[in-house]
Each structure stands twice: as structure tokens, then as C-alpha cells.
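I have placed the structure first, in the form of C-alpha cells, so that the comments after it can refer back to it.
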Amino acid sequence: MNRLLSIMLLIVLITMGIFAVNMYTDYYFFKEVKVINDKEEVLQKATHSLPVQAVIDHQNWGTLQIDDEARLYELTSFLDKLEQQKMAVDMLKTESDFLMCTVIYLNGTQKKYFMNEALLKNDSLFDESYPKSTVIAFYTYLLSLFYTPESIATFASKSSEITLKATGLKQTLALEQKKSFIRTLQTAKELPSHQRWNDSEHSLSDEAGFVTIYQDKQPATRKSEDIIQITVFKKYYVIRYLGDPNGNAIYFAGDLTTFLPVVHKES
């Protein structure tokens with residue numbers, strides 16, 4: 001019996017000892033712990049980093065609003081890379097009417113980026129610390145967002161002249177045909193890449209003619225940014241914006257042959 005009491009007493013003492021050690025270590029290690037109330041700061045950073053909309057204003061293409069999450073993520077990812085190059089950011093802060101990209105965040109803050117023609121064409125503005133390819137890549141990405149039937153139709157609606165070439169003939173699109181021409185552009189469907197080459201009808205031998213869209217009224221002052229060139233085939237056409245530094249081509253299913261000039265045979 002005495003032996004049992006001794007064992008029980010030993011167990012109690014050991015338990016009390018462990019409890020005392022735990023209390024001491026808790027006090028020693030955690031006595032300086034403080035609760036930091038940074039909830040508002042965390043929320044502010046989160047809302048600032050969450051884009052909800054982007055607006056692109058281009059001198060020739062007009063205004064484009066982007067609300068799609070995937071495209072917003074792609075755009076802001078591109079801008080995050082640009083932000084790492086201080087010189088690039090500084091140059092894109094100079095206000096310009098040529099192009100402006102505004103990113104709007106959840107908390108209402110905005111970031112604006114500007115681009116002018118000198119940044120695209122004047123090599124003397126660039127040095128080794130600021131490769132021209134950075135700005136070109138950003139610009140061509142923004143341009144690609146305009147390459148939709150609706151935006152191309154809008155570009156054409158602002159034109160001062162549309163010329164048509166075929167079978168050795170050249171003429172200007174008549175004013176009464178312009179609405180029909182724009183409607184054809186607007187209702188076109190972009191061709192997936194696999195259809196561009198697999199369809200036997202999509203060959204150079206089917207080239208029917210050319211359409212050129214000009215926005216500037218004066219031929220002497222026309223610039224590449226004012227011009228869209230269209231190569232017309234029997235059942236599709238290829239659009240190239242001459243202001244695109246990469247010369248990208250966009251393929252659309254649609255029939256523009258009805259607008260081309262034809263040779264009228266004498267009876």
C-alpha cells in the first residue's frame with residue numbers, strides 16, 4: 001500500500017513538473033507576441049492588385065473595353081513585366097493621344113500607360129537598358145485585341161477612302177456601297193488556324209483582288225497607322241493593318257468579291 005502511494009505521489013510530482021515547465025516556456029517564448037491588426041492593409045493591397053476592367057484608346061481604332069477575366073489577367077501580367085523595367089514605365093507615362101491603356105482596379109484606383117509614334121519608330125530613344133522590343137511587344141499585344149470583326153468594321157466606318165483593285169482595274173468604293181461593305185466586315189467569322197491551310201480553296205490561285213482602307217483624306221500625309229490592306233479570295237479574306245510592327249495577318253471567312261470591280265464585256 002505504501003509502495004502504491006509512493007508511485008502515485010511520484011506521478012503527481014512529474015505531472016506538476018511538466019506543467020510548470022510548459023508554463024515557463026510559453027511565457028519565455030511568447031511573452032513578446034503581439035497581435036497586428038493589418039486587415040485593412042491586406043484588403044487594400046488585394047483590391048489594388050485585382051483588375052476589374054481595362055480601357056484602350058487608339059487614335060485610329062477607337063476605344064475598346066475589356067472585362068473578360070482571362071484577357072485582364074493576360075494584360076496585367078504583361079504590365080507586371082513592364083513594371084520591372086523602370087525606364088520602360090517612365091517612358092510609358094508621357095501623355096499621348098496616339099494610344100492610352102487604362103487599368104481599373106477593384107478599389108477604384110487606375111493606372112494609365114501612354115504610347116506615341118516616336119516610341120515605336122525612333123531608334124534614338126532606345127539604348128541597351130531599354131530594348132525597343134519591350135514596347136513593340138506591348139503595342140502589338142494591345143493591337144491584337146482590336147482585331148475583331150466589330151473593331152475592323154469601326155475602323156472602316158471612319159475611312160475617308162476605300163479603294164478596290166481587281167483584274168487590272170481600280171476604283172473607289174461608292175458611298176452607297178459603304179454601309180453594305182461595313183456590314184460584311186462586321187458579320188465575318190475569324191478562321192481558325194487549321195482551316196487556313198487545310199481547305200484546298202484557300203490557295204493563292206484563288207486571289208481575287210485587293211481592298212485598301214484609308215483614314216487620312218490627304219494621300220501626301222497618309223501613314224501606315226491610317227491604313228488597312230485586305231487581300232480578297234473567293235470565300236475568305238486576309239486583313240493586314242500596316243501600323244502593326246509585326247505585320248500580323250488575320251483571316252476571316254466572308255465574301256468581299258461582290259465589291260470588286262469587274263470587266264464588263266461589250267455586247
Exercise. In this structure, are over 12 heavy atoms from other groups packed under 6.0 Å from Asp80 atom CG?
Worked result: yes
Exercise. Is it true that Glu161 and Arg222 have a side-chain N and a carboxylate O under 4.0 angstrom from each other?
Worked result: yes
Exercise. Any side-chain heavy atom of Leu256 within less than 4.5 Å of one from Thr184?
Worked result: yes
Exercise. Which value, rounded to the nearest 0.5 Å, describes the distance between Gln53 atom CD and Asp67 atom CG?
Worked result: 4.5 Å
Problem set entry | CD/Gln110: more than 12 non-hydrogen atoms of other groups inside 6.0 Å | yes
Seminar exercise, completed: Taken to the nearest 0.5 Å, the spacing of Ser157 OG from Gln186 CD works out to 9.0 Å
Exercise. Would Ile56 and Phe146 count as a side-chain contact (heavy atoms from CB on, under 4.5 Å) if you check the C-alpha gap in whole Å, the side-chain angles of each, and the deciding distance to 0.1 Å?
Worked result: CA-CA 9 Å; Ile56 305 168; Phe146 284 99; 3.7 Å; yes
For this session: Check whether the ring centres of Tyr236 and Phe233 lie less than 6.0 Å apart, and answer yes or no.
Result: yes
Problem set entry | Asp255 side chain vs Thr257 backbone, donor-acceptor pair below 3.5 Å | yes
Exercise. How far does CG of Leu143 sit from CH2 of Trp61, to the nearest 0.5 angstrom?
Worked result: 7.5 Å
Exercise. If you round to the nearest 0.5 Å, how far is CZ of Phe114 from CG of Asp57?
Worked result: 9.5 Å
Problem set entry | Donor-acceptor contact present, side-chain Glu190 to main-chain Thr148, <3.5 Å | no
Exercise. Could you walk me through whether Glu225 and Asn60 pass the side chain to side chain donor-acceptor pair (under 3.5 Å) check?
Worked result: CA-CA 7 Å; Glu225 287 78 20; Asn60 301 94; over 6 Å; no
For this session: Please test Phe252 against Ile239 for side-chain contact (heavy atoms from CB on, under 4.5 Å), starting from the C-alpha separation and ending with a verdict.
Result: CA-CA 8 Å; Phe252 291 95; Ile239 286 184; 4.1 Å; yes
Exercise. Taking a hydrophobic cluster as the set of Ile, Leu, Val, Met, Phe, Trp and Tyr residues connected by side-chain heavy atoms closer than 4.5 Å, whether directly or through intermediates, do Met100 and Leu142 fall within one such cluster?
Worked result: no
Problem set entry | Student check: side-chain heavy atoms of Thr102 and Lys111 closer than 4.5 Å | no
Exercise. Would you say the side-chain atoms of Ser180 pair up with the backbone N or O of Gln177, donor to acceptor, closer than 3.5 Å?
Worked result: no
Problem set entry | Test item: Thr76 side-chain N/O and Leu72 main-chain N/O as donor-acceptor pair under 3.5 Å | yes
For this session: Check whether any side-chain heavy atom of Tyr214 sits under 4.5 Å from a side-chain heavy atom of Thr163, and report yes or no.
Result: yes
For this session: Could you tell me which non-hydrogen atom of Ala54 sits nearest to which non-hydrogen atom of Leu75, and how far apart they are?
Result: CB-CD2, 3.5 Å
Exercise. For Ile213, which of Ile230, Ile227, Ile152, Leu242 qualifies under side chain to side chain contact (heavy atoms under 4.5 Å, CB included)?
Worked result: Ile230
Problem set entry | Residues, nucleotides or ligands: over 12 heavy atoms within 6.0 Å of Lys217 NZ | no
Problem set entry | Check: Asp226 side chain, Lys223 main-chain N or O, donor-acceptor pair, under 3.5 Å | yes
Problem set entry | Cluster link Leu260 to Tyr237, ILVMFWY, side chain under 4.5 Å | yes
For this session: Answer yes or no: is there a side-chain heavy-atom contact under 4.5 Å between Leu169 and Leu164?
Result: no
Exercise. Do side-chain atoms of Lys178 reach the backbone of Ser159 as a donor and acceptor pair under 3.5 angstrom?
Worked result: yes
For this session: Specify the closest pair of heavy atoms between Ala166 and Ala208, including all atoms of both residues, with the distance to one decimal.
Result: CB-O, 3.5 Å
Problem set entry | Inter-residue atom distance Lys112.NZ - Cys101.SG, 0.5 Å rounding | 9.5 Å
Seminar exercise, completed: NZ (Lys170) and NZ (Lys165) are apart, to the nearest 0.5 Å, by 4.5 Å
For this session: State, with a plain yes or no, whether a side-chain heavy atom of Tyr241 is found less than 4.5 Å away from one of Asn248.
Result: no
Exercise. Are the side chain of Asp216 and the backbone of Pro219 linked by a donor-acceptor contact shorter than 3.5 Å?
Worked result: no
Exercise. Is it the case that more than 12 heavy atoms not belonging to Tyr73 sit under 6.0 Å from its OH atom?
Worked result: no
Exercise. Between Lys93 and Tyr113, is NZ or CZ placed under 6.0 angstrom from the six-membered ring centre and within 45° of the ring axis?
Worked result: yes
Exercise. Heavy-atom distance under 4.5 Å between the side chains of Ile250 and Val238, does that happen here?
Worked result: no
For this session: Measure the shortest side-chain to side-chain distance between Tyr139 and His58 over non-hydrogen atoms and say whether it is less than 4.5 angstrom.
Result: yes
Problem set entry | Full working for side-chain contact (heavy atoms from CB on, under 4.5 Å) between Leu119 and Leu92 | CA-CA 9 Å; Leu119 286 181; Leu92 293 174; 4.0 Å; yes
Exercise. Do Leu99 and Gln59 touch side chain to side chain, with heavy atoms closer than 4.5 Å?
Worked result: no
For this session: Determine, using the 4.5 Å side-chain heavy-atom cutoff (strictly less than), whether Phe138 and Tyr147 are members of one ILVMFWY cluster.
Result: yes
Problem set entry | Worked check of side-chain contact (heavy atoms from CB on, under 4.5 Å) between Thr212 and Ile162 | CA-CA 6 Å; Thr212 308; Ile162 298 175; over 6 Å; no
